[in-house]
There are 2 protein chains.
Amino acid sequence: MATIKQIAELAGVSRGTVDRVLNNRPGVKPDTAELIRKIAAEVNYRPDLAGKILAARKKNLRLGFLTLEGDEFTFFHDVTQAARKKAVELQNLGVEIRFYLVREFTRSGLEALAAQVEGDQLDGMAMVPMMTPAIISLMHTLEARGTPIIFFNIDEPSVKRLCYVGCDYVRAGRVAAGLAALTTGGRGTVGLLTLHDSDNYSYQERALGFTRELSERYPAMTLLNGGAPTIFQHGDYSAVHTLFREHPELDAIYIVNLGDFSVCREARIAAGERPLSIITNDLVAAQREMLQSGVISATLGQQPEVQGALPLQLLYQALAFGEAPGADKLYTDLNIYISQNI
Amino acid sequence: MATIKQIAELAGVSRGTVDRVLNNRPGVKPDTAELIRKIAAEVNYRPDLAGKILAARKKNLRLGFLTLEGDEFTFFHDVTQAARKKAVELQNLGVEIRFYLVREFTRSGLEALAAQVEGDQLDGMAMVPMMTPAIISLMHTLEARGTPIIFFNIDEPSVKRLCYVGCDYVRAGRVAAGLAALTTGGRGTVGLLTLHDSDNYSYQERALGFTRELSERYPAMTLLNGGAPTIFQHGDYSAVHTLFREHPELDAIYIVNLGDFSVCREARIAAGERPLSIITNDLVAAQREMLQSGVISATLGQQPEVQGALPLQLLYQALAFGEAPGADKLYTDLNIYISQNI
DNA sequence: TTGTATGCGTTATCAA
DNA sequence: TTGATAACGCATACAA
């Protein structure tokens with residue numbers, strides 16, 4: 001493997017000149033530049049990663065990671081865990097990472113957080129774009145400063161960002177539909193179930209993908225209530241019981257947002273002896289247990305570990321080496337988990 | 001983040017002394033060593049990765065990757081692709097990788113290959129343990145030289161190796177059983193199907209896991225012929241047609257080894273109008289297509305990309321930094337693929 | 001327009 | 001038992 005030094009010797013020039021050419025910096029005679037480029041191509045020059053990292057240390061990069069605080073049983077807990085692991089890795093390359101965890105959505109709390117972030121002089125920011133005034137204002141400040149931002153879990157195209165890392169929710173809905181079909185021989189009746197306050201982006205997209213996939217690909221499947229979801233409240237599952245009483249023909253349900261997890265148990269109880277397949281999202285701790293015990297039939301993952309780690313990695317590569325992310329939207333895998341492969 | 005230099009200053013000694021202590025090398029006065037250790041712990045010292053890589057370059061490592069040659073539609077093709085990608089990455093760290101692809105199992109061919117490997121003075125080897133005389137002899141030679149070996153895809157405990165990277169086949173069989181149950185409401189009749197020459201390790205293990213999981217967890221499921229597989233020949237699927245004619249009650253089949261892929265189509269045709277779920281292994285190109293078109297219901301993956309990349313990565317870490325692999329057996333994920341998430 | 005010198009953190013050799 | 005020094009490959013400030 002060739003090094004800059006070797007190329008310099010072959011070209012009969014100094015390392016500095018070679019570096020100028022390979023990094024497209026001005027101040028080299030065209031003929032010389034041409035020669036060096038030719039030699040570099042000939043010896044298949046690839047810059048040594050360790051050398052680049054070492055040199056990049058001098059930039060003393062500082063990155064931010066802004067996310068929702070999640071207790072042990074939530075999706076964002078898994079994301080933050082992954083981010084902390086990646087943070088240790090990047091610290092070993094001389095990068096500093098600051099974490100900003102949003103606990104409550106109080107105005108003063110968010111404003112204080114935003115002020116803190118603005119004062120921290122970050123070189124890059126990975127965050128969930130929470131559309132509250134304080135956070136929106138923060139994003140605009142970072143945008144104005146030219147600080148690169150990467151969004152994860154939720155995209156927000158109205159803000160200039162480097163890229164998005166997270167789930168393709170429409171596609172997730174389609175996978176859920178495929179699972180519903182798979183578990184009912186392609187001829188079942190399936191319903192949507194969701195928590196009362198689920199009029200959010202990810203719910204809408206998943207429901208859309210689910211209904212579309214069913215109608216486009218599984219004509220023999222019946223979608224209950226034309227795709228209108230059964231809505232339940234935190235701690236009150238009477239709507240679920242009513243659903244099963246009124247629809248004995250129900251073969252499968254896709255619970256889009258759970259809130260807590262009791263709803264799965266309630267649904268299983270309400271279904272009684274009938275075979276019923278229950279499909280959910282996000283393999284958090286509580287759901288592992290329910291998959292094991294057969295309460296939940298299948299769960300769709302969206303790689304929280306990637307959502308936590310990749311944004312930081314991409315920011316580092318962008319700032320340290322000037323490498324752009326590979327795509328505008330980097331979608332996570334849509335993993336299917338059942339009792340045996342968790 | 002602290003560096004050796006900073007620790008040296010704090011301790012009032014030279015970098016060399018700090019290095020000796022932190023790398024457990026002899027020749028340091030116990031008192032001094034104690035002090036340095038204390039300071040290192042206090043400042044939470046973690047060695048800089050780039051520095052280590054750079055220093056490790058001087059070792060001029062050379063690794064080997066020995067695998068079956070696979071054409072575009074085979075599992076080993078995906079493995080080799082991943083290995084080549086990782087090889088480029090490691091080349092950028094100053095490591096040389098040599099590939100040895102086994103095309104045919106002729107005695108002379110294997111002997112020539114083994115001789116070549118032995119002459120190449122490798123520092124480490126990633127390989128599939130093919131138990132033919134020439135390769136066995138090669139493994140013993142490497143073992144005698146103290147060259148670390150990592151096996152992937154198939155384990156071979158009789159040879160001293162650093163670790164195994166690959167599928168837990170028994171568990172894969174259990175996942176297949178879970179899928180069979182999921183697609184038949186837990187009450188179906190399911191059969192095993194496999195190619196004639198499948199009396200190999202991975203077949204045995206998968207069949208074992210499959211039958212065990214069914215009997216232990218799904219008492220309402222019926223396993224056809226007590227788990228004895230229906231065996232078909234390359235290009236001759238009469239056994240498959242006979243199977244469906246004699247067993248109209250069949251709801252699902254797990255095709256353990258396919259050989260070519262026509263068997264899936266034949267089974268779908270033989271099943272006629274009945275809902276039948278077909279479960280297979282390994283998401284190679286041809287199977288993607290069949291998942292899309294609905295011929296195959298679900299496929300179990302075993303991360304060929306990890307099997308190709310991780311062994312090389314682990315060899316590098318072992319040889320460059322003296323880091324042992326995290327476990328004796330590193331199992332790949334058992335991914336479930338359906339039409340919508342490939 | 002080009003060359004030289006220095007530093008990033010770690011490791012290893014040589015000298016004291 | 002310890003210190004000083006050079007080397008790995010890259011980037012860059014400064015000198016020529």
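Small disclaimer: the values here were computed from a predicted structure and weren't measured. Order of the sequence lines sets the chain letters (A, B, ...), proteins ahead of strands, with each chain counted from 1.
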Undergrad: Which pair of heavy atoms, one from B:C167 and one from B:L334, lies closest together, and at what distance?
TA: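 Heavy atoms only, the tightest pair is SG-CD2, 3.9 Å.
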Undergrad: Can you sort out which residues in residues 29-36 of chain A have a heavy atom within less than 4.0 Å of DNA chain C? Ascending by number, please.
TA: A:K29, A:T32
Undergrad: Which nucleotides of nucleotides 10-16 of chain C have their base under 4.0 Å from a protein heavy atom (B), which only their sugar-phosphate (S), and which neither (-), written as one string 5' to 3'?
TA: BBS----
Undergrad: Please compare B:V28 and A:L54 by the position of their nearest nucleotide in DNA chain D and report the one closer to 5'.
TA: B:V28
Undergrad: Tell me every residue that passes salt bridge (Lys or Arg N to Asp or Glu O under 4.0 Å) with A:E111, counting only those two or more places apart in sequence or in another chain.
TA: A:R107
Undergrad: Which atoms form the tightest heavy-atom contact between B:T147 and B:L122, and what is the distance?
TA: CG2-O, 3.7 Å
Undergrad: Round to a whole Å and report the spacing from CD1 of A:I7 to P of D:dG9.
TA: 12 Å
Undergrad: Checking the side chain of B:D123 only, and the main-chain atoms of B:L63 only, is there a donor and an acceptor separated by less than 3.5 Å?
TA: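 A pair under 3.5 Å: no.
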Undergrad: So does B:K329 have more than 12 non-hydrogen atoms from other groups sitting under 6.0 Å from NZ?
TA: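 For B:K329, atom NZ is crowded (more than 12 foreign heavy atoms under 6.0 Å).
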Undergrad: Any side-chain N or O of A:S14 below 4.0 angstrom from OP1/OP2 of C:dT2?
TA: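 Result: no.
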Undergrad: Donor-acceptor check, side chain of B:R161 to backbone of B:D155, threshold 3.5 angstrom: yes or no?
TA: no
Undergrad: When you measure from the side chain of B:E143 to the backbone of B:V159, do you find a donor-acceptor pair of N or O atoms at a distance under 3.5 Å?
TA: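 Between the backbone of B:V159 and the side chain of B:E143 there is no qualifying donor-acceptor contact (under 3.5 Å).
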Undergrad: Side-chain donor-acceptor pair under 3.5 Å between B:Q317 and B:Q313, yes or no?
TA: yes
Undergrad: My understanding is that only residues two or more places apart in sequence, or in another chain, count here; which of them pass ring pair (Phe, Tyr, Trp, His ring centres under 6.0 Å) with A:Y316?
TA: A:F321
Undergrad: Using the salt bridge (Lys or Arg N to Asp or Glu O under 4.0 Å) criterion, which residues pair with A:R98? Sequence neighbours excluded.
TA: A:E96, A:D120
Undergrad: For DNA chain C, which ranges pair as stems of 3 or more consecutive Watson-Crick or G-U pairs, with both donor-acceptor distances under 3.5 Å?
TA: C:1-16 with D:1-16
Undergrad: Atom CG of B:L61 and atom C1' of D:dC8: how far apart are they, to the nearest Å?
TA: 13 Å
